[in-house]
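Every heavy atom of this structure was used, including side-chain atoms; hydrogens, water molecules and symmetry mates were not. Atoms within a ligand are numbered from 1 in the order they appear, just like the ligands themselves.
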Amino acid sequence: MNKKEPLIYLQDKRVSKIKLTAADLKYPVPPRIKDVLKQEQKIVQVMPTIQQAPELYYACSKCGVIPPQWFLKKWYKRSCPCKAEERAQQERQEKLHAWLEWQRINCYGGWLGREHRDMNIVSQMISKTFNSFSTDSGDDENFRKALAYAQAEKPQGNFVLTGGYGTGKTHLGDAILNYRREHFHNTTLFASAPEFCGSYQDAKRSLDQTQFISIRQRVVQADILYLDDIDKEWRGEYKQPELHSIYYYIFDERYKARRPTIVSTNDLQNLEKYIGGAAKSRLMSLCTTVHMLGEDFRAMEVW
Ligand SMILES: [Zn+2]
């Protein structure tokens with residue numbers, strides 16, 4: 001070995017000691033890029049005071065004054081968690097508002113196809129609430145309203161409204177649907193039985209089966225379904241056994257999933273004739289039946 005070389009030690013976090021020879025020192029150790037950036041930042045990174053840049057300071061009643069933050073060579077105004085929560089809350093409200101608007105249209109016709117959408121019908125149907133239900137005729141009316149309200153607050157199986165024409169069946173049924181949607185954000189579907197059967201038949205016949213699949217899925221998956229006038233005469237092509245099998249599919253699937261259904265009928269005694277024995281058994285197995293009496297108030301309605 002030739003002449004002994006002096007050893008120089010350099011401290012480094014990763015390696016405890018690095019031996020450097022005099023030859024190494026001819027080429028100075030390059031400073032790490034991070035260190036250079038840090039030094040540069042130190043020069044400009046002096047936070048302006050609130051007097052110098054009041055627009056960069058945010059004041060919250062709960063969190064106090066929030067100073068600005070340095071980011072990508074610039075000072076930015078910061079907000080606090082309260083502000084972020086407020087913004088998220090507003091966003092959630094807007095989303096819910098849009099969802100409800102769409103659900104109302106979907107509920108009253110939209111789900112059966114584009115041609116069933118009618119904003120006049122929608123606004124008329126959503127106006128049917130417990131508040132707008134008249135109980136002028138007395139205690140019986142109040143009792144029926146209370147039963148419907150209990151169903152709206154906490155559905156206990158199915159709900160059958162029976163009675164003559166114009167006794168307020170549809171109003172109470174709609175009030176339950178509207179309450180479930182607006183207060184509990186349930187998905188709700190309404191259809192008169194003939195309207196439903198017609199759409200079902202048309203969708204089934206169509207070359208494009210998308211609508212048919214959609215109706216079949218929605219009718220069993222909706223949180224709450226209301227089939228109005230289930231005994232109304234059907235003039236379509238379906239023969240009774242076909243109709244009965246459609247109703248059985250609906251009531252059986254919904255029964256298995258414990259999803260409540262509301263049905264209204266003028267002829268409860270002969271329900272089996274309209275929907276079939278098996279479907280009736282599913283519908284009535286866990287069910288509240290409300291008998292509507294009284295005058296036909298439609299005759300008194302002012303147009
Ligand atoms: Zn705050």
Between Glu182 and Arg104, is the closest basic N to carboxylate O distance under 4.0 Å? yes
Not counting sequence neighbours, which residues clear ring pair (Phe, Tyr, Trp, His ring centres under 6.0 Å) with Tyr226? List them please. Phe190
Taking the six-membered ring of Tyr255 as reference, does the cationic atom of Arg258 (NZ for Lys, CZ for Arg) lie under 6.0 Å from its centre and within 45° of its axis? yes
Sort by chain and number the protein N/O/S atoms that are closer than 2.8 Å to the Zn ion (ligand 1), and list them. Cys60 SG, Cys63 SG, Cys80 SG, Cys82 SG
Looking at Arg78 and Pro67, would you say the former's side chain and the latter's main chain have a donor-acceptor pair under 3.5 Å? yes
When you measure from the centre of the six-membered ring of Phe184, is the NZ or CZ of Arg180 closer than 6.0 Å and no more than 45° off the axis? yes
Do Arg216's NZ or CZ and the ring of Tyr249 fall within the cation-pi criteria of under 6.0 Å and 45°? yes
